[in-house]
Novice: 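What follows is a structure written as structure tokens; I'll ask about it next.
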Protein chains: 2
Amino acid sequence: MAQKVTIATVARHAQVSRQTVSNVLNAPHIVREETRERVRASIATLGYRANQAARQMRTGRSRLIAVRIEPTRDGINGSVLDRFLHGLTEAAGAAGYRVLLYPAADAAGEIATYDDLLGAYELDGFVLTHTDHGDARADWLAEHGVPFVTFGRPWDDPGRHSWVDVDGAEGTAQATRHLIGAGHRRIAFVGWPAGSGVGDDRRAGWRSTLTAAGLDPTGLDRETPDGIRQGEQVARELLDHADPPTALVCTSDSLAVGALRAVRELGHPAAVTGFDDTPVAQVIGLTSVSQPLAEVAARCMDLLVALLDGARPTPPDPVLLAPTLVLRQTT
Amino acid sequence: MAQKVTIATVARHAQVSRQTVSNVLNAPHIVREETRERVRASIATLGYRANQAARQMRTGRSRLIAVRIEPTRDGINGSVLDRFLHGLTEAAGAAGYRVLLYPAADAAGEIATYDDLLGAYELDGFVLTHTDHGDARADWLAEHGVPFVTFGRPWDDPGRHSWVDVDGAEGTAQATRHLIGAGHRRIAFVGWPAGSGVGDDRRAGWRSTLTAAGLDPTGLDRETPDGIRQGEQVARELLDHADPPTALVCTSDSLAVGALRAVRELGHPAAVTGFDDTPVAQVIGLTSVSQPLAEVAARCMDLLVALLDGARPTPPDPVLLAPTLVLRQTT
DNA sequence: TTGTATGCGTTATCAG
DNA sequence: CTGATAACGCATACAA
């Protein structure tokens, strides 16, 4: 283990005071150019790295941001968080921040964790995922003055805080438009029960596109919890009908996988689209709506960094990104 | 934002000295019970949490461990890291540690990151994944005296450091034995090119099981990089033969997915097994070898904690866990 | 068993 | 622009 290199070591090596070294790091413009360069050279030679703990003690900032990692539920949609995390870690690194993971099963447990995390590590900020109506986590953080951004809208009040989201309605609208363009007239929707922000948004895209094209959605809208079995069940009910739909727009790849099973088993030639473009969709050739997760992550970091590094409080900044329809064999 | 609660606040509240509070936290046994309880009550009332930065500055330990997050390559096998990460974060939390993520594209970049991470955050330890022959990362960490464990064996020297791994040979052996039990006699292997620790291990399990059963592996062993297309290509070559194999044991779910395509397209009724039990396997009904990732993660943390909290240097501790064959429709 | 003094590495304040 | 000094919160050696 090499001898510890502190700011004092650098100061001695560069023949200046410690403070000058600190200035070179934190306010380079107030140091004479010649001195600045000499100090920088010393830093490079000695391999000096500012000690975060000491810096944090003085400034109260840790350059650490926290993200929750949740139990892989379905497995199918688990890869979404994975890709998001990777993008976030990269973007954070570029901005000089690191990502700290914390586990939490539910919202209550998550809030308890905030308290712990903030007390002990003084985290600079949070990135929340999976927002929903009346999100207690956002309320808690706002109340305690903790900077945060969310991947997902604050569904009750879009101006509440900074967020990044993907336009789910636009995603299902793209899928629906594509199906209409391919000649489909009876296009059903297999989605989650009404009441969730994300689910309702995706449903709205299908419905509005249908009515805009003069098609009637009546009797073609189904609600079910997420899951392959659930998707199959609901699709079966839709298809087992005198005048069955010829296409099914689904809120998730899990539901779409189930719907596809129903389609194949019943022998009805119906088109199916999913949502999230998971690996499963790629493998089974499922047409699916793809979210630009790397960009979502990068924009989340941008907003958070603006919040953290900004001199004055930034007004909430909403970012809505467009998804892409990835066409495959099921349409 | 509540007023900051320090050890002094607690001391005042409990009518003791700061030192006593510190003792209650770090060496409870040397404090009189009555005092101890009073201090603990104050801590609870005030919601005091030891400040990690200050503690770290004094002790040199951050209670942070680092794990690399890599770009989702295939997508199919990406979920493996995801599940592992979750288990690790939970286990770390239970042991009083937190997980810090760092991105790295290749081994060289990873080592450069170590230097950064250690200089700035003084991380307590690392968990490395995807070890291979002559792993430069492990060498670097060992050389610099940084505690670490690996998920994956040090293939060149099993006694080199502490590790946790899943017995890949046992996994493919289970698959092969199951196929033999089902009456198969010509069982081929679709695996990665020789030279990788993991790949060779899995291949060995197939080969030894075959020969132990008096079956001849000659001409049934194929090497290819990972990927669906590659798996399909190789399987096609194997099946397009006078005396084709009736079963294919594959090193990954990606290869198995490809093999399955070849099987279906050629109309040969051959059994197929994969490795990792990814969501894709679940969806398409692929029999696959499942790794106990949550347990791997927990054991990794156990070993690392032993390394970190142990009074004296612990001898390297190897942990080899058994995988499980998950039977589905493709066998 | 409890209290007192000191230093970890950094940045902020203030005098030169 | 540069240099000295204090303070952040905690843990430890030492004295009481």
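Just so it is clear, the model here is predicted, and its values are computed rather than measured. Residue numbering restarts at 1 for every chain, and letters A, B, ... go by the order of the sequence lines.
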Novice: Counting just side-chain N and O atoms, does Asn51(A) come under 4.0 Å of either OP1 or OP2 of dT10(C)?
Specialist: no
Novice: Rounded off to whole Å, could you give me the CZ-to-P distance for the Arg12(A) and dG9(C) pair?
Specialist: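 It works out to 11 Å between those atoms.
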Novice: Is there a side-chain contact between Arg55(B) and the phosphate of dA11(D), meaning an N or O under 4.0 Å from OP1 or OP2?
Specialist: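 Result: yes.
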Novice: If the cut-off is 4.0 Å, is Thr35(B) near the phosphate of dT2(C), judged by side-chain N/O to OP1 or OP2?
Specialist: yes
Novice: Quickly work out the Ile7(A) CD1 to dA12(C) C1' distance and round it to whole Å.
Specialist: 12 Å
Novice: Does Arg32(B) put a side-chain nitrogen or oxygen below 4.0 Å from OP1 or OP2 of dT2(C)?
Specialist: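 For dT2(C), OP1/OP2 do have a side-chain N/O of Arg32(B) under 4.0 Å.
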Novice: Looking at the side chain of Tyr48(B), which of dC10(D), dT4(C), dT2(C) is the nearest nucleotide?
Specialist: dC10(D)
Novice: Expressed as a whole number of angstroms, how long is the span from Ile30(A):CD1 to dT11(C):C1'?
Specialist: 12 Å
Novice: Nearest to the side chain of Ala54(A), which nucleotide is it out of dC10(D), dG9(C), dA13(D)?
Specialist: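 For the Ala54(A) side chain, the nearest candidate turns out to be dG9(C).
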Novice: Out of dA11(D), dG3(C), dT2(D), which nucleotide sits closest to the side chain of Ser17(A)?
Specialist: dT2(D)
Novice: Which pair of non-hydrogen atoms, one from Tyr48(B) and one from Ile7(B), has the smallest distance, and what is that distance?
Specialist: CE1-N, 3.6 Å
Novice: Counting heavy atoms from C-beta on, name the nucleotide in dG9(D), dG3(D), dT10(C) closest to the side chain of Met57(A).
Specialist: dG9(D)
Novice: Ignoring backbone atoms, establish whether Ser22(B) has a side-chain N or O less than 4.0 Å from OP1 or OP2 of dA11(D).
Specialist: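 For Ser22(B), the contact criterion (side-chain N or O under 4.0 Å from OP1 or OP2 of dA11(D)) is met.
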Novice: Is it the case that Arg63(A) places NZ or CZ above or below the six-membered ring of Tyr97(A), under 6.0 angstrom from the centre and within 45 degrees of the axis?
Specialist: yes
Novice: Students often get this wrong, so: under 4.0 angstrom with heavy atoms, is Ala53(B) touching a base, only sugar-phosphate, or nothing?
Specialist: nothing
Novice: If only side-chain N and O atoms of Thr6(B) are considered, is one of them under 4.0 Å from the OP1 or OP2 phosphate oxygen of dG9(D)?
Specialist: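 No, because none of the side-chain N or O atoms of Thr6(B) sits under 4.0 Å from OP1 or OP2 of dG9(D).
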Novice: Look at Thr59(B) and dC10(D) and indicate whether a side-chain polar atom (N or O) is within less than 4.0 Å of OP1 or OP2.
Specialist: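 So the side chain of Thr59(B) is outside the cut-off, no N or O lying under 4.0 Å from OP1 or OP2 of dC10(D).
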Novice: Look at Arg299(B) together with Asp317(B) and state whether they make a salt bridge at an N to O cut-off of under 4.0 Å.
Specialist: no
